[in-house]
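Please read the structure below before turning to the comments.
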There are 2 protein chains.
Amino acid sequence: MARRQGTGEVTISDVARLAGVSKAQAARAMGGYGSVSNEVKQRVMQAAQELGYRPNALARSINTGKSQSLGVVVGDVENPYFGLVTRGISDVARRHGYDVVLANTGESLADEEKAVKMLLDKRVDGLLICPTSRTSHGHILDVERSGRPVVLFDRDISVSGLDMVQMRIAEATREAVQGLIDAGHRRIAYISTLKLATDGFAPGQDLDLSTVSQRVDGICRALEDSQIEVDPVLFQFGASDRQSVDGILGEMLELAEPPTALVASDSLVALDLLLSLKGRGLRIPHDVSVVMLDDQPWAELVEPPVTAVRQPAYDLGEQAATALFERIDGAEGGREIWLTPHVVTRGSVGQPLGQVRQPG
Amino acid sequence: MARRQGTGEVTISDVARLAGVSKAQAARAMGGYGSVSNEVKQRVMQAAQELGYRPNALARSINTGKSQSLGVVVGDVENPYFGLVTRGISDVARRHGYDVVLANTGESLADEEKAVKMLLDKRVDGLLICPTSRTSHGHILDVERSGRPVVLFDRDISVSGLDMVQMRIAEATREAVQGLIDAGHRRIAYISTLKLATDGFAPGQDLDLSTVSQRVDGICRALEDSQIEVDPVLFQFGASDRQSVDGILGEMLELAEPPTALVASDSLVALDLLLSLKGRGLRIPHDVSVVMLDDQPWAELVEPPVTAVRQPAYDLGEQAATALFERIDGAEGGREIWLTPHVVTRGSVGQPLGQVRQPG
DNA sequence: TTGTATGCGTTATCAA
DNA sequence: TTGATAACGCATACAA
């Protein structure tokens, strides 16, 4: 007589009993390992079918040490860019018979740390992380130390040796900005969601997100190539919503030498930025030129269509997941994979208005 | 001497040994159940810390019967609507200390069935499903029968008794179409991604997606209220990509009595539709009016801004997850929750061009 | 409060 | 090819 109740679900023992074989044989037949005669296999299958038996994957995992699931940690699935990345990951995972445990951290480091812990506790076979911070990465290194493979995607961290799949977006950004310069722009502003740790921004300053860092580098390189001054006031951060974007834009337009071109760090910023411009009655590209550093379908639709840097987001997800599976299958770590975004030229870039220098 | 090697990870036994207490006491201290003296708790915590011990959630789950994770089955996370829903679900889950196993099925019934099986095998504590089909739902009923709670979201199935959270979009659609009628439209077309099982569409026909069914109902009701003929040729399906949308639009414009207003079933269709209109040089709302049955931020940005039905997608996710947790906590099932979308009037609806009837 | 022994549902080992 | 039994890592009933 059992002292404790089971879960009430059908187990392999029930199947074995009905099939008239030992538990071990039934397990072998169901699991497809070891050797079992065709006749027994038939009987077991039949019994399993009849009882509606489904193996308990948890119990299996505890024995095999493999959970057949991947942990994915990302800041914001709501951002269409990450939506697509997630889709790429999920497709590869499904193809491998794995499923995906998704943790959305809202770009909070504390939540990211918690999420990683939870995922490790659940013994995921590997982790895909898009880190919130370049520098606060203790929890990520812990994972590697624990022996479970990790692949970083989209963003870098400040130590090397980990697998990572990234966009080579510095170069594409440089190209896009070169396009602005070629059109005659000298005052080019950059607007990002990233919240700066420091009060103001200084060129060359370390930024805590590699993706933002790359973008800024690309812009600066383009400017320096043409001997154009890098003006810190044209690098604006903390553009987290419509209101802050509008505020930032308003301040920059009041500058003695306002920007003639605006570079939006991603599609969300671009959306708010374009709405703000529209609200102010500014016309693109007549009054101001615009470039967005992440393409989205609607960029083609607005008037004028927006010049953008198109990132292969789905591919990023696919490659990251593929790299992780290679690690799970025993491959060496430390590999870096770089994907190449491309500039898609549309109609939002034109010549700057001849701006008049304020006297004094 | 152990015959089999463990996973190599630190277990509660190791912690117990180092702390100099029994395995049970260590487990109690770590798990926070049963009674343990403060002194032992201290020693155990200390030992766990030192060894870097992390409990194996799988082993715990197998005992408790609770996995602390939710399964989410959805057709397409890439669709921003579902992206937001997922975010809502994920936030509630995290608040409850659960994590989310996400299965993206690409709207394939076979994949949906497989996904549900996998999730059940992994003993998720509950499932949130956005079903691909109203009628092929055996796998969903199986879940309920297995005793694990399910909440359907966004879409209905053809049997009652299950928990479900849905948009009351028939009514909002009726309102939006009423707006078109009020503006003078009589030829109103509807374009949906749904692939029809039958060859053509007949008014009153059963559709396999409740969300599409509701939209069609809303349109028909508005038309009937104004004694306008419901013309099957104005209901077009299978608009899965830009090309097919363009083809559908082309055919409809060649009709003897072409539509003067277009209703896009969701934001993806709307995007393709607007691009197609733009490509053809048709102007909104002068040449044709447009309404989209799912609002997205860019709808406000395009020229003219697009009148849309705004669905509280994040709320849908939140409510669905909340309902599921209530079921997990023992609440009765069979509840239906309805959310109310609203028409957001913008500039894409105008008076129809006086169209000339073809003679003969 | 503590320790022992057993159970969870599976896989792995070993002898038959 | 089979069956008995240990092992996985933890939770829990029971006795101490």
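This one's a predicted model, so the numbers in the text were calculated from it and none came from an experiment. Every chain is numbered from 1, with letters handed out A, B, ... down the list of sequences. As a basis for the values below, the full set of heavy atoms in this structure was taken, side chains included, without hydrogen atoms, waters or symmetry mates.
- Summarising the geometry, the separation between CG on A:N56 and P on C:dT11 is reported as 10 Å, rounded to the nearest angstrom.
- Put simply, CG on B:L58 is 16 Å from C1' on D:dA7, counting in whole angstrom units.
- Between A:I62 atom CD1 and D:dA7 atom C1' there is a gap of 10 Å when expressed in whole angstrom units.
- In this structure, the CD atom of A:Q68 is 16 Å from the P atom of C:dT10, given to the nearest Å.
- Between the NZ atom of B:K23 and the P atom of C:dG7 there is a distance of 14 Å, rounded to whole Å.
- In this structure A:N104 satisfies the side-chain hydrogen bond (donor to acceptor under 3.5 Å, both in side chains) test with no other residue, sequence neighbours excluded.
- B:K195 meets the side chain to side chain contact (heavy atoms under 4.5 Å, CB included) test with no other residue; sequence neighbours excluded.
- For D:dA11, the OP1/OP2 oxygens have a side-chain nitrogen or oxygen of B:R60 closer than 4.0 Å.
- Checked against C:dT10, C:dA12, D:dC10, the side chain of A:Y53 finds its nearest nucleotide in C:dT10.
- Between the CG atom of B:N63 and the P atom of D:dG9 there is a distance of 13 Å, given to the nearest Å.
- For the pair B:R54 and B:E9, the salt-bridge criterion is not met [side-chain N within less than 4.0 Å of a carboxylate O].
- Rounded to whole Å, atom C1' of D:dC10 lies 14 Å from atom CD of B:E9.
- Toward the 5′ end of DNA chain C lies the nearest nucleotide of B:S22, the other residue of the pair B:S22 and A:I12 mapping further downstream.
- Remark: the B:T135 side chain and the B:D208 side chain contain an N/O donor-acceptor pair separated by less than 3.5 Å.
- Shown for residues 35-48 of chain B: residues whose heavy atoms fall under 4.0 angstrom of DNA chain C, namely B:S35, B:V36, B:S37, B:V40.
- Within a 6.0 Å radius of CG in A:D329, more than 12 heavy atoms belonging to other residues, nucleotides or ligands are found.
- Listed by first and then second residue, the ring-ring contact (aromatic ring centres under 6.0 Å, His included) pairs that reach into residues 126-166 of chain B come to none, sequence neighbours excluded.
- We find that NZ of B:K66 is positioned 17 Å from C1' of C:dG9, with the value rounded to whole Å.
- Applying the side chain to side chain contact (heavy atoms under 4.5 Å, CB included) rule to A:A26 yields the partners A:I12, A:A16, A:V21, A:V44; only residues at least two apart in sequence or on another chain are considered.
- A search for side-chain hydrogen bond (donor to acceptor under 3.5 Å, both in side chains) contacts involving A:R155 returns A:E107, not counting sequence neighbours.
- Residue A:T11 has no polar side-chain atom (N or O) positioned under 4.0 Å from OP1 or OP2 of C:dG9.
- Near DNA chain D, meaning a heavy atom under 4.0 Å from it, residues 116-127 of chain A has no residue at all.
- Checked by atom type, the side-chain pair B:Q42/B:Q46 shows no donor-acceptor distance below 3.5 Å.
- In this structure, B:E332 has no side-chain hydrogen bond (donor to acceptor under 3.5 Å, both in side chains) partners at least two apart in sequence or on a different chain.
- Within the structure, the ring-ring contact (aromatic ring centres under 6.0 Å, His included) test picks out the following pairs touching residues 62-114 of chain B (sequence neighbours left out): B:H96-B:F325, B:Y98-B:F325.
- Contacts with DNA chain D (heavy atom under 4.0 Å) in residues 24-33 of chain A: A:A24, A:Q25, A:R28, listed by number.
- Salt bridge present: A:R43 and A:E39 bring a charged side-chain N and a carboxylate O closer than 4.0 Å.
- Remark on the helix from C:dT1-D:dA16 to C:dA16-D:dT1: inter-end axis angle 40°, axes from five-pair C1' superpositions, rounded to 10°.
- Taking 4.0 Å as the cut-off between side-chain N and carboxylate O, A:R148 and A:D125 do not count as a salt-bridged pair.
- In this view, B:Q49 satisfies the side chain to side chain contact (heavy atoms under 4.5 Å, CB included) rule with no residue, not counting sequence neighbours.
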